[in-house]
Amino acid sequence: MRYDITNIAIEDYLLDLMPPRDELLGKLEERARVQGLSLVGPVQGQFLYLQVLAMQARKALEIGITTGYAAMYLLRALEQTDGHLTAIERHADRVEFASQLIGQAGLSEKVTIHHGEWAEVMPTLDHDYDLIFLDVLRSASNEGQALESLELCVPLLRSGGLLIADNVLCSAQVLEEDAPPLVRGIQQFNRTLMNHPQLESVILPLRDGVALSRKK
Ligand SMILES: C[S@@+](CC[C@H](N)C(=O)[O-])C[C@H]1O[C@@H](n2cnc3c(N)ncnc32)[C@H](O)[C@@H]1O
């Protein structure tokens, strides 16, 4: 998928510079291409991997795991920090697929996947996450959901913890003044995030836009 945020030639250049992926990640990329699934891709996957290592995160949460592509990057770093990944996914078949894949990689003990809606699962989770990867903003069913997800993430983070939110530039549609409801929700998410009293944030024009926030 192309996102119209950065020059396409630059995206291809960055992709070409990435080392070849192993068989497991390669198969997931191929599956995503065939089935039209949205995955972070290798550049952003490496970004997530490095964030976990840089902050030595041990307790991470991914909201929206799909087939486990981003999760593999997170888990390969969490393996080194002796950490654990909790994930949430609404589709049972995706939970099943990701669980099997992570099992094949020998990392089953490092992950707990909750099947359900994030709005229902998040309030049941423990607090004090070092890192939360929020990857459901483009799936919101109404204008208010993006902000609702932010309000559930902040209390789950420990002080000093990192929230990484994907798709915050929404194929550049955030530039539109008369945007559709999903995009208006993301515009509101971005304004709130950048002015949030408990967060220090920056938005990076990486792929579809990545917001990085540290809880004070
Ligand atoms: C963009 S994909 C995540 C891709 C994944 N993070 C990766 O890069 O490998 C979003 C996923 O979130 C799931 N999802 C969307 N809305 C959800 C909700 N309300 N509750 C739980 N999961 C949801 C979708 O089913 C989809 O699998």
Side-chain angles (χ1 to χ4, degrees), residues 5 14 17-19 21-22 24-25 28 39-66 68-89 98 102 105-114 118 121-137 146 149-169 186 189-190 192-216:
I5 306 294
L14 295 179
L17 283 175
M18 293 306 295
R21 267 77 68 206
D22 61 20
L24 188 139
L25 290 174
L28 289 182
L39 307 179
V40 290
V43 176
Q44 206 177 329
Q46 183 74 354
F47 176 81
L48 293 170
Y49 171 84
L50 290 172
Q51 293 300 325
V52 170
L53 290 183
M55 72 177 308
Q56 288 292 294
R58 296 190 69 230
K59 194 171 163 184
L61 171 66
E62 180 180 14
I63 306 163
I65 192 172
T66 312
Y69 185 84
M72 285 309 303
Y73 281 93
L74 292 166
L75 282 164
R76 284 172 179 177
L78 288 165
E79 201 183 5
Q80 297 173 55
T81 62
D82 197 22
H84 187 90
L85 178 70
T86 301
I88 305 173
E89 172 57 56
I102 291 165
L107 293 166
S108 288
E109 285 178 11
K110 295 259 150 217
V111 74
T112 305
I113 309 178
H114 295 270
W118 56 257
V121 177
M122 286 173 76
T124 70
L125 298 177
D126 277 351
H127 291 198
D128 293 333
Y129 282 92
D130 299 312
L131 184 146
I132 299 179
F133 177 43
L134 177 65
D135 197 7
V136 287
L137 290 184
S149 68
L150 177 64
E151 280 158 8
L152 287 175
C153 282
V154 176
L156 289 184
L157 274 178
R158 69 161 166 87
S159 173
L162 200 62
L163 171 65
I164 304 175
D166 198 14
N167 307 109
V168 297
L169 298 178
I186 294 177
F189 177 97
N190 290 340
T192 307
L193 182 98
M194 294 306 297
N195 293 292
H196 199 288
Q198 289 178 275
L199 300 174
E200 299 174 295
S201 304
V202 66
I203 293 177
L204 307 172
L206 170 65
R207 290 187 84 234
D208 198 27
V210 177
L212 215 56
S213 305
R214 180 184 182 274
K215 187 170 173 182
K216 291 179 188 168

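Keep in mind that this is a model prediction, so the values were computed, not measured. Computed from heavy atoms alone, side chains included, the values below leave out hydrogens, waters and symmetry copies.
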Review point. Considering residues at least two apart in sequence or located in another chain, which fulfil the side chain to side chain donor-acceptor pair (under 3.5 Å) criterion with Asn190?
Key: none
Review point. With sequence neighbours left out, what residues match Ser213 under side chain to side chain donor-acceptor pair (under 3.5 Å)?
Key: Ser201
Review point. Tyr73: what forms a ring pair (Phe, Tyr, Trp, His ring centres under 6.0 Å) with it, not counting sequence neighbours?
Key: Tyr69
**Study point:** With Val202 via side chain to side chain contact (heavy atoms under 4.5 Å, CB included) - residues at least two apart
**Key:** Leu204, Leu212
Check your understanding: Sequence neighbours excluded, which residues qualify as side chain to side chain donor-acceptor pair (under 3.5 Å) partners of Gln80?
Key -> Tyr49
Practice item. Mind checking side chain to side chain donor-acceptor pair (under 3.5 Å) for Gln44 and listing every partner two or more places apart, or none if nothing turns up? Key: Asp166, Arg207
Point to revise | Non-neighbouring partners of Lys110 that pass salt bridge (Lys or Arg N to Asp or Glu O under 4.0 Å), sequence neighbours left out | key: Asp82
Point to revise | Contacts of type side chain to side chain contact (heavy atoms under 4.5 Å, CB included), residue Ala57, not counting sequence neighbours | key: Val52, Met55, Asp130, Leu131
Point to revise | Any residue meeting side chain to side chain contact (heavy atoms under 4.5 Å, CB included) with Thr112, in chain and number order, not counting sequence neighbours | key: His84, His114
Exercise for review: Quick one: list whatever passes salt bridge (Lys or Arg N to Asp or Glu O under 4.0 Å) with Asp22, sequence neighbours left out.
Suggested key: Arg76
Practice item. Quick one: list whatever passes side chain to side chain contact (heavy atoms under 4.5 Å, CB included) with Glu79, sequence neighbours left out. Key: Leu107
Review point. Got a sec, which residues hit salt bridge (Lys or Arg N to Asp or Glu O under 4.0 Å) with Glu151, two or more places apart in sequence or on another chain?
Key: none
